Number of protein chains: 2
Amino acid sequence: MPAPDTTSLAEALRPAVLRLARHLRREAQRVGISEVDWQLLSIIYRRPGIGVSELADMEMIRRPTMSAHVKRLEAAGWIERQPSACGDQRRVGLALTAAGRAALASIRDSRTGWLRDRLAALDPDARDAIAAALPAIAALVEVQP
Amino acid sequence: MPAPDTTSLAEALRPAVLRLARHLRREAQRVGISEVDWQLLSIIYRRPGIGVSELADMEMIRRPTMSAHVKRLEAAGWIERQPSACGDQRRVGLALTAAGRAALASIRDSRTGWLRDRLAALDPDARDAIAAALPAIAALVEVQP
DNA sequence: CTTGCATAGTTAGAGAGCCTAACTAAATAC
DNA sequence: GTATTTAGTTAGGCTCTCTAACTATGCAAG
């Protein structure tokens, strides 16, 4: 292939990504909400009435896993299950509670955080390189046949 | 684009990284050895006699966590503790066993894997973008004040 | 309308991976 | 010779993820 050796690229990318993920998790714990929870609250905020399976598909996580997340968020009082809008009794419609909206807003403020500071500390060139690579990184995990 | 907003860059990078990490972990499980274990075996192979604390520092995880990893790798028969080379009775010197070397070799072969295929499926430009961003991503998690 | 399959979601059980707090034991410093 | 530092372990807990097996609803075809 004309491209750089994909094997070595993979071998270099793998540890870098996992190490960064480790730090992000640590940081999230410091802030008090996990990345997954934050992400889910954001999605439910944007798409009230969404169901468990749809969420699972969006995040590419198995349904029982997502079911547990939803249960936890509900127990925390951040989301609630509404009767299915479309009449399908199997589906649940998820929506933020007032507390959930408040949590989302307050977290958004307090979430400036570690990653932003680290990014800000980089050379502008390095930051641009990351920005340029983001679509490609996202494409790696895109669903496909 | 000269100085992309670091906050939005952080908000975009975070989910991308965590999602990719999720996939990598899943894939590692399919292959039969976790990324952490593979990484540790590689490091110990390159630096026999290394200690638990050094490993923990290199991977930027806490010592008890690393202690547990080491214990597990030892139980699997992949590494062994040698009497400290330098006479310091507190330190352990870790080294691969014959089985560990064999495992490393066999895994290296069977590890062509998901990530490499995904990278290979990208446009060359996208791959180049990731390669260009790698140093910056690594720098994000570099130790420093 | 019943039989049978598909879909939405849950429960149960497991395992990886990370953490902090508190400990032992050896080295070092005063 | 006590006091501090360093290497490593133990204990206990949390989060995130998975698979397998289940319930209950919807739907379609005979």
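We name chains A, B, ... by the order of the sequence lines, and we start the count at 1 in each one. The model shown is predicted, which means the values in this text are computed figures rather than measured ones.
Here B:Arg63 lies in heavy-atom contact (under 4.0 Å) with a base. Heavy atoms of A:Val92 sit under 4.0 angstrom from primed sugar atoms or phosphate atoms, though from no base atom. Among the heavy atoms of the strands lying under 4.0 Å from A:Arg72 are primed sugar atoms or P, OP1, OP2 only; no base atom is included.
Taking every side-chain heavy atom of A:Arg22 into account, C:dC18 is the closest of C:dC18, C:dG17, D:dC16. Closest to the side chain of B:Val52, from the set C:dG17, C:dA27, D:dG8, is D:dG8. The side chain of A:Thr65 approaches D:dC18 more closely than any other nucleotide in the set C:dA21, D:dC18, D:dT25. Minimum atom distance to the side chain of A:Arg90 is reached by C:dA8, of the listed C:dG9, C:dC19, C:dA8. Closest contact between the side chain of A:Val36 and the listed nucleotides D:dT19, D:dC16, C:dG17 involves D:dC16. Distance from the side chain of A:Gln89 is smallest to D:dT25 among D:dT25, D:dG8, C:dA16. Here C:dT10 is the nucleotide among D:dC16, C:dT10, D:dG8 with the atom lying nearest to any side-chain atom of A:Arg81. Which of C:dA27, C:dT11, D:dC18 sits closest to the side chain of A:Lys71 comes down to C:dT11. When each of C:dT20, D:dC16, C:dG9 is scored by its nearest atom to the side-chain atoms of B:Pro64, the top-ranked nucleotide is C:dT20.
Considering B:Ile130, B:Val17, B:Leu122 in turn, B:Ile130 is the only one that fulfils the side-chain contact (heavy atoms from CB on, under 4.5 Å) rule with A:Ile137.
Closest of all the heavy-atom pairs between B:Ala56 and B:Arg63 is CB-CG, 3.9 Å. Nearest heavy atom pair, residue B:Asp5 against residue B:Ser8, reads OD2-OG, 2.8 Å.
Mapped onto DNA chain C by nearest heavy atom, A:Val70 and A:Gln29 fall at different nucleotides, with A:Val70 at the one closer to the 5' end. Along DNA chain C, the nucleotide nearest A:Arg26 and the nucleotide nearest A:Ser53 are compared for position; the residue whose nucleotide lies closer to the 5' end is A:Ser53.
Rounded to a whole Å, the CZ atom of A:Arg30 is 15 Å from the C1' atom of C:dC19. To the nearest angstrom, C1' of D:dT6 lies 12 Å from CD of B:Glu54. Between the CD1 atom of B:Ile61 and the P atom of D:dT15 there is a distance of 20 Å, rounded to whole Å. At whole-Å resolution of the value, CG in B:Asp88 and P in C:dT28 are 7 Å apart. Atom CG in A:Leu18 sits about 10 Å away from atom P in C:dG17, given to the nearest Å. A:Ile33 places its CD1 atom 13 Å from the C1' atom of D:dT15, with the value rounded to the nearest Å. Summarising the geometry, the separation between CD on B:Gln39 and C1' on C:dA16 is reported as 16 Å, rounded to the nearest angstrom. Taking atom CG of A:Leu94 as the reference point, atom C1' of C:dT10 lies 14 Å away to the nearest angstrom.
Distances shown here put a side-chain N or O of B:Arg62 below 4.0 Å from the OP1 or OP2 atom of C:dT20. For A:Ser67 and C:dA8, the shortest distance from a side-chain N or O to OP1 or OP2 is not below 4.0 Å. Of the side-chain N and O atoms in B:His69, one or more sit less than 4.0 angstrom from OP1 or OP2 of C:dC18. Between B:Arg25 and C:dA16 there is no side-chain N or O to OP1 or OP2 distance below 4.0 Å.
With rounding to the nearest 0.5 Å, the separation of CG in A:Asp37 from CD1 in A:Ile79 is 9.5 Å. With rounding to the nearest 0.5 Å, the separation of CZ in B:Arg19 from CE in A:Met60 is 5.0 Å.
A distance-only check finds no donor-acceptor pair linking the side chain of A:Thr97 to the backbone of A:Glu80 [under 3.5 Å].
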